[in-house]
Amino acid sequence: MALIIRPLFCGKVNFNIAHRQRRISFSLRSFHDAQLKPKFNRPIGQPAPWTHTHLLSNEECTSGITKLEYENRRGNLSKKILDIKQTANHKDIVIIAGNSTTYMTNDIPYPFYQNTDLFYLSGFVEPDCVLILDVDSGSSIMFVQNRDEHKELWHGPRAGADGAAELLGIEDCRANNHLRDYLDNIKCNSLNIWTNVDTSFSSNIGYIRPILNNFMTQMESDKTCKIISSKDAISELRVIKSQSELQVMKRVSDITSRAFIETMKFCRGEVDEGELFATIDYHCRLGGAQCLAYPPVVAGGSRANTLHYIVNNQRISNGDLVLLDAGAMFAGYLSDITRTWPVNGIFTDIQAQMYNLVESVQHACLTVLQPGLSLNELNSAMQTVLREHLLESGLVSLNDNELTSIHRYCPHHIGHYLGLDVHDTDSISRNRPLQPGMVITVEPGLYFQIGDSNIVSDARGIGIRIEDNVVITESGCEILSGNCPKNLLEIEQLISGD
């Protein structure tokens with residue numbers, strides 16, 4: 001029996017030893033993993049490191065941007081305010097309000113977009129939140145929607161104070177139902193309030209707006225207190241992009257460029273503008289974008305001469321051009337690209353002449369673009385080159401003395417700042433010398449109205465624009481949207497499938 005039992009007994013001992021070793025190994029791995037993973041694990045109202053490991057690292061608040069960078073932005077804003085404050089004996093605080101959900105009809109909301117100043121300083125995308133900074137101490141408080149089981153049943157998870165603290169790295173996060181009491185407690189004389197809340201705009205939409213409007217109105221009545229717009233101070237920070245921001249903007253430009261390629265390949269002749277709208281939207285989202293950056297312009301034929309044509313509900317005839325102005329949003333940052341091409345894949349001679357003219361104007365603008373040049377100076381250069389090219393082209397019957405202004409054929413500016421908004425930091429003058437880290441668009445166009453008798457007949461009704469996203473560098477510029485096809489022959493080959 002011993003001979004029978006012994007092997008069984010020995011085997012059992014070996015099994016127990018191996019099993020115990022595996023348990024120890026598993027326990028060590030679990031302990032190690034626990035040290036790496038965030039303690040927080042429930043879903044909140046936006047991508048988080050513990051739910052979207054494919055998008056965010058543990059240190060990031062939004063894709064590509066760390067909690068530390070957001071903290072530094074808040075610190076930089078406090079430093080800027082201290083540099084420009086005029087009343088040394090005043091206490092300075094910053095109150096930045098997020099947006100509230102708005103509704104198109106009963107219970108049907110519009111898609112929510114966060115206030116971009118609030119997003120820039122925190123990375124938070126839930127509605128009805130308020131960020132308050134104590135400029136002197138550098139401390140931050142974030143008021144967010146409180147947890148609500150019933151509302152979360154209908155609208156999805158909320159971060160709550162604990163989730164916001166974990167995501168944002170702001171230790172003092174509170175439910176926004178405590179906002180009124182907090183504001184009542186900080187009322188005092190000699191207070192400077194830097195804010196994005198416009199008391200002249202009497203909106204009471206959402207939960208936080210009535211509370212903030214009431215507080216600001218009371219403080220305005222105190223002659224020792226000042227309400228100061230935070231817009232200029234924040235714009236000065238936003239207009240220069242960090243390396244992290246530029247990487248995100250390069251990514252969203254690449255997403256949009258790939259979507260443009262697929263939209264061009266979709267064209268094989270007569271097509272609905274709505275189909276191209278759907279195609280660019282689909283491929284931007286498929287590439288990782290949250291949504292389109294703005295309602296796109298999908299303008300076939302002569303509708304390209306309507307600069308902000310967004311109806312996008314007409315048929316584009318075989319042989320006509322389509323002007324597509326579209327961008328995507330990724331991690332809050334936007335792209336803004338325009339291309340023009342024939343829906344059948346073949347430029348006519350007159351279309352090709354006009355297209356090459358616009359491309360050569362853009363090339364001339366990109367060649368001279370460098371730090372120190374302003375957007376307005378670049379616009380003047382564009383107008384000069386476009387006028388010269390147009391007079392040489394034979395497309396217009398006007399002579400040098402008659403074509404005194406190019407504005408009738410390109411009524412818009414050469415470009416604008418780009419970032420979290422399409423027309424970003426609009427308080428920054430276009431006369432400001434460009435600096436490394438600024439991102440702009442470069443978008444010359446040429447538009448010939450159908451009824452313009454000064455234009456050769458075959459060119460009437462054609463509108464063309466080429467737009468790229470460009471970052472200013474130390475030595476010149478870099479095209480972030482360079483992967484979007486622009487060369488005429490490349491576009492024709494792409495659409496034909498050659």
Side-chain angles (χ1 to χ4, degrees), residues 64 235-258 260-261 293 325-328 330-331 333-340 355-386 388-389 406 410 412-446 464-488 490-491:
S235 292
E236 289 290 340
L237 301 177
R238 285 177 51 176
V239 74
I240 305 292
K241 273 54 177 185
S242 68
Q243 285 302 311
S244 297
E245 288 180 289
L246 292 176
Q247 289 174 11
V248 175
M249 294 194 71
K250 172 60 177 171
R251 182 167 179 179
V252 73
S253 292
D254 285 342
I255 290 171
T256 313
S257 296
R258 289 193 295 270
F260 263 87
I261 290 171
D325 183 337
F330 176 78
Y333 289 85
L334 311 180
S335 58
D336 181 4
I337 300 173
T338 305
R339 293 292 186 265
T340 311
Y355 186 90
N356 287 330
L357 189 155
V358 175
E359 188 182 13
S360 66
V361 171
Q362 193 204 42
H363 177 75
C365 292
L366 293 171
T367 300
V368 300
L369 190 53
Q370 61 182 344
L373 190 74
S374 72
L375 271 172
N376 279 344
E377 289 171 331
L378 185 64
N379 187 63
S380 296
M382 179 272 290
Q383 292 177 330
T384 299
V385 175
L386 180 58
E388 292 173 352
H389 282 39
I406 201 66
C410 184
H412 59 75
H413 204 277
I414 185 62
H416 52 80
Y417 305 110
L418 182 67
L420 293 173
D421 286 310
V422 180
H423 290 190
D424 203 49
T425 58
D426 59 356
S427 65
I428 302 294
S429 171
R430 284 173 169 166
N431 284 321
R432 169 81 66 88
L434 295 170
Q435 298 171 248
M438 288 183 174
V439 178
I440 64 171
T441 63
V442 179
E443 47 180 307
L446 184 59
I464 293 173
R465 181 164 66 253
I466 302 173
E467 177 181 18
D468 280 297
N469 306 158
V470 178
V471 58
I472 307 302
T473 64
E474 294 288 347
S475 58
C477 67
E478 176 188 345
I479 302 175
L480 297 175
S481 52
N483 289 329
C484 190
K486 183 166 55 179
N487 177 269
L488 183 149
E490 184 181 1
I491 291 174

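- Side-chain contact check for Leu246 versus Val439: some heavy-atom pair is nearer than 4.5 Å.
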Item to check | side chain to side chain contact (heavy atoms under 4.5 Å, CB included) between Thr340 and Val358, worked out | outcome: CA-CA 10 Å; Thr340 311; Val358 175; over 6 Å; no

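- In this structure, the separation between CD1 on Ile440 and CG on Leu434 is 5.0 Å, given to the nearest 0.5 Å.
- Side-chain contact check for Asn469 versus Met249: every heavy-atom pair is 4.5 Å or farther apart.
- Using a 4.5 Å cut-off on side-chain heavy atoms (C-beta onward), Cys484 and Thr256 make no contact.
- Legend: residues meeting salt bridge (Lys or Arg N to Asp or Glu O under 4.0 Å) with Glu467, ordered by chain and number and at least two apart, are absent.
- Panel note: side chain Glu388, backbone Val385; no donor-acceptor pair is recorded below 3.5 Å.
- The shortest side-chain heavy-atom distance between Val470 and Glu478 does not fall under the 4.5 Å cut-off.
- In this structure, Asn379 CG and His412 NE2 are separated by 9.5 Å, a value rounded to the nearest 0.5 Å.
- For Phe330, the ring pair (Phe, Tyr, Trp, His ring centres under 6.0 Å) criterion is met by no residue, not counting sequence neighbours.
- Nearest heavy-atom pair, Ser244 versus Gly64, reported as atom, atom and distance to 0.1 Å: CB-O, 3.5 Å.
- Put simply, the side chain of Arg339 never gets that close to the backbone of Ile261: no donor and acceptor are under 3.5 Å apart.
- Residue pairs meeting the ring pair (Phe, Tyr, Trp, His ring centres under 6.0 Å) criterion with at least one partner in residues 419-438, sequence neighbours excluded, are His416-His423.
- Asp336 CG to Asp421 CG: the interatomic distance, rounded to the nearest 0.5 Å, is 12.0 Å.
- The two atoms that bring Arg430 and Tyr417 nearest to each other are CA-OH, 4.0 Å, heavy atoms only.
- A salt bridge is defined here as a Lys NZ or Arg NE, NH1 or NH2 lying under 4.0 Å from an Asp or Glu carboxylate O, and Arg432 with Glu236 meets this definition.
- Residues Ile414 and Pro444 meet the side-chain proximity criterion, which asks for heavy atoms closer than 4.5 Å.
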Item to check | Steps toward side chain to side chain contact (heavy atoms under 4.5 Å, CB included) verdict (His413, Asn376) | outcome: CA-CA 8 Å; His413 204 277; Asn376 279 344; 2.8 Å; yes

Next on the checklist: Set out, in order, the CA-CA distance, both residues' side-chain angles and the distance that settles side chain to side chain contact (heavy atoms under 4.5 Å, CB included) for Val248 and Glu245, then state yes or no.
Outcome noted: CA-CA 5 Å; Val248 175; Glu245 288 180 289; 5.7 Å; no

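- With rounding to the nearest 0.5 angstrom, the CD1 atom of Ile240 is 12.0 Å from the OG atom of Ser235.
- Residues Pro433 and Gly372 share a closest heavy-atom pair of CB-O, 3.6 Å.
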Next on the checklist: Using side chain to side chain contact (heavy atoms under 4.5 Å, CB included), reason through Leu369 and Ile472 one step at a time and then give a plain yes or no.
Outcome noted: CA-CA 8 Å; Leu369 190 53; Ile472 307 302; 3.8 Å; yes

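- In this structure, the separation between CG on Leu480 and CD1 on Ile337 is 9.0 Å, given to the nearest 0.5 Å.
- Side-chain contact between Leu357 and Ile464 is absent, with no heavy atoms from C-beta onward closer than 4.5 Å.
- Formation of a donor-acceptor pair under 3.5 Å by the Lys241 side chain with backbone atoms of Leu418 is found in this model.
- Considering only heavy atoms from C-beta on, Phe260 stays 4.5 Å or farther from Ile491 through its side chain.
- Remark: side-chain polar atoms of Ser335 are paired, donor with acceptor, to backbone N or O of Ala328 under 3.5 angstrom.
- Across all non-hydrogen atoms, the minimal contact from Leu420 to Asp424 is N-OD1, 3.4 Å.
- Taking a cutoff of 4.0 Å between a charged side-chain nitrogen and a carboxylate oxygen, Asp254 and Lys250 qualify as a salt bridge.
- Considering only heavy atoms from C-beta on, Arg465 comes within 4.5 Å of Asp325 through its side chain.
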